[in-house]
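One structure is given here, and the rest of the page talks about it.
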Amino acid sequence: MTGGTWRRRVSLLAAFALVVLLAACGRDDSRIIEHRLYAMATWIDVTLPVRAAREHPQLIAEIEAELRVFERDLYPWTDGELARLNAALSAGEAFEASPALAAVLVSAQRAAVASDGAFDPGVGGFVELYGFHDAAAAPATRPDDAAIAALLASSGSIRDLAISGRRITAPPRRFLLDLGGIAKGAAVDRIADRIEALGIAPALVNAGGNLRVIGAREDRAWRVGIRAPRGEALLGTIELGAGDATSTSGDYERFRDSDGERLHHIIDPRTGRPVAHTEAVTVIAADAETADAASTALFVAGPDAWLEVARRLGVTAALRVDASGRIEMTRAMRDRIQTGTSGDSAIIAVVD
Ligand code: AMP
Ligand code: MG
């Protein structure tokens, strides 16, 4: 293995965006407490009023149990449902998916269509080829051109799937669908829906930078910090209102720098290579699943297409940091973000 060191940063507070709850405690009955779990290869934080945690003593255990099912069934390199789907489709067989998996596939396919294939879970073969599928394995390697070309020729896209209710069929291709670009958002929505159904508020669920707010805080708005893609500073903080979700995709989460090239985990499905034109994208949306898919889609879509893809996905508040550290954002994001002094030499442009 040449040059560079494998670095997997799991910050104390979050994995992708450094999400800081800039919240102090209010009066006693509105005090909040953060519960931390490790699942889906990231830290998951569930922030609840102290009172709610007391009144629902089983809630955190139930959430953890649900996450265990999610990480087994939505992760392809295990013996869960997504692995079985990939095996069936690759063998030319139809597959009867659970309602939960079918729903995520429908959302993922919609994001793939809206982004002209910039977002496509069909990149799983490349994720594996680079070595990003196994968090414990290191370091990432640069595959040779022939291996990339062969995979480009054989890989099936999520756009190939015919989804009819729970029945999934596809033309004969090799399918290694990897839902890593959307599954954490889907999980956050499931947990947030459960909390909401119990009438608990305010609350916040954060899975590695995929975050949704339930209800408004009495004392102040929820504020989360967005980590600058280089260095340890914050790029800024955004204010989230009741029901808002946000997601950040960055090239600094799983990567290895090799001969001046950053090998990282977000792959352009059209080239089979890590995206080089973008360092980070942050979006705000009405649900965490949309936000998760959108941040990945916009990351891959790049300088010419990202605003159009955001529009098609219904995302108005979006921010992109390009490969030179320049920050551009939509007006809706400009209205929500407070940038600090930590942007180094970043130029901030409003682009719509
Ligand atoms: P995120 O951090 O949400 O942007 O998701 C990144 C993860 O999504 C990667 O670790 C892969 O598992 C997967 N992925 C990589 N490239 C793509 C892509 N172009 N479309 C969809 N998922 C992707
Ligand atoms: Mg994503």
Side-chain angles (χ1 to χ4, degrees), residues 37 39-42 44 46 56 58-115 119-124 156-171 173 175-200 203 205 207-208 210-212 214 243 245 247 285-294 296-297 313-314:
L37 313 160
M40 303 177 83
T42 195
I44 308 214
V46 180
H56 303 277
Q58 299 306 317
L59 180 58
I60 294 299
E62 286 167 12
I63 288 171
E64 180 161 15
E66 190 163 11
L67 285 169
R68 296 285 162 240
V69 175
F70 243 76
E71 70 182 354
R72 187 196 63 212
D73 283 345
L74 294 187
Y75 181 72
W77 293 281
T78 178
D79 55 359
E81 193 183 7
L82 182 57
R84 292 197 300 277
L85 169 72
N86 284 328
L89 296 181
S90 299
E93 295 161 8
F95 189 82
E96 196 77 17
S98 66
L101 177 60
V104 179
L105 290 171
V106 166
S107 302
Q109 192 178 55
R110 199 178 300 136
V113 170
S115 65
F119 179 89
D120 193 336
V123 296
S157 158
I158 195 156
R159 290 186 289 175
D160 297 334
L161 268 52
I163 308 173
S164 170
R166 294 166 50 188
R167 188 181 152 83
I168 322 281
T169 53
R173 313 272 299 167
F175 284 92
L176 211 176
L177 300 172
D178 165 18
L179 294 170
I182 190 170
K184 288 201 274 288
V188 167
D189 281 336
R190 283 283 282 268
I191 299 167
D193 288 347
R194 178 189 280 266
I195 292 170
E196 216 159 40
L198 290 170
I200 297 171
V205 184
N210 297 277
L211 186 151
R212 193 173 117 192
I214 300 120
S247 168
D287 63 85
E289 188 182 70
T290 301
D292 192 358
T296 310
L313 289 168

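Residue numbers start at 1 and run along the sequence shown.
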Minimum-distance pair of heavy atoms, taken over all atoms of Ala88 and Phe95: CB-CD1, 3.8 Å
Between CD1 on residue Ile60 and CD1 on residue Ile191, distance to nearest 0.5 Å: 8.5 Å
Close side-chain approach of Ile63 and Ile44, heavy atoms under 4.5 Å: no
Over all atoms of both residues, closest heavy-atom pair of Ala293 and Ala111: CB-CB, 3.9 Å
Atom CZ of Arg167 with >12 non-hydrogen neighbours under 6.0 angstrom: no
Minimum heavy-atom distance between Ala285 and Thr290, given as atom pair plus value: CB-CG2, 4.2 Å
Approximate separation, where rounding is to 0.5 Å, of Gln109 CD and Ile158 CD1: 6.0 Å
Closest approach of Gly124 to Asp178 (non-hydrogen atoms, all atoms of both residues): CA-CB, 3.7 Å
Straight-line distance of Arg84 CZ to Glu96 CD, nearest 0.5 Å: 12.5 Å
Check: Asp189 side chain, Ala288 main-chain N or O, donor-acceptor pair, under 3.5 Å: yes
From CG (Leu313) to CZ (Arg110), nearest 0.5 Å: 10.0 Å
From CG (Leu89) to OG1 (Thr169), nearest 0.5 Å: 8.0 Å
Criterion side-chain contact (heavy atoms from CB on, under 4.5 Å) against Pro76, the qualifying member of Leu176, Leu85, Leu177: Leu176
Heavy-atom side-chain proximity of Ile214 to Val205 below 4.5 angstrom: yes
Where Ala286 and Ala245 come nearest, the two heavy atoms and their spacing: C-CB, 4.4 Å
Minimum side-chain heavy-atom gap Glu62-His56 below 4.5 Å: no
Nearest-0.5 Å distance that lies between atom CG in Leu82 and atom CH2 in Trp77: 8.5 Å
Nearest non-hydrogen partners of Phe175 and Leu161, listed with the distance: CE2-CD1, 3.6 Å
Val188 side chain near Leu211 side chain, heavy-atom distance below 4.5 Å: no
Contact check, side chains of Ile195 and Val46, non-hydrogen atoms, under 4.5 Å: yes
Under 3.5 Å donor-acceptor, Glu71 side chain and Met40 backbone: yes
Side-chain heavy atoms of Ile182 within contact of Val104, under 4.5 Å: yes
Test: Arg212 and Asp287 ion pair at under 4.0 Å: no
Under 3.5 Å: donor-acceptor pair, side chain of Asn210, backbone of Lys184: no
Side-chain donor/acceptor of Glu81 to backbone N/O of Ser98, under 3.5 Å: yes
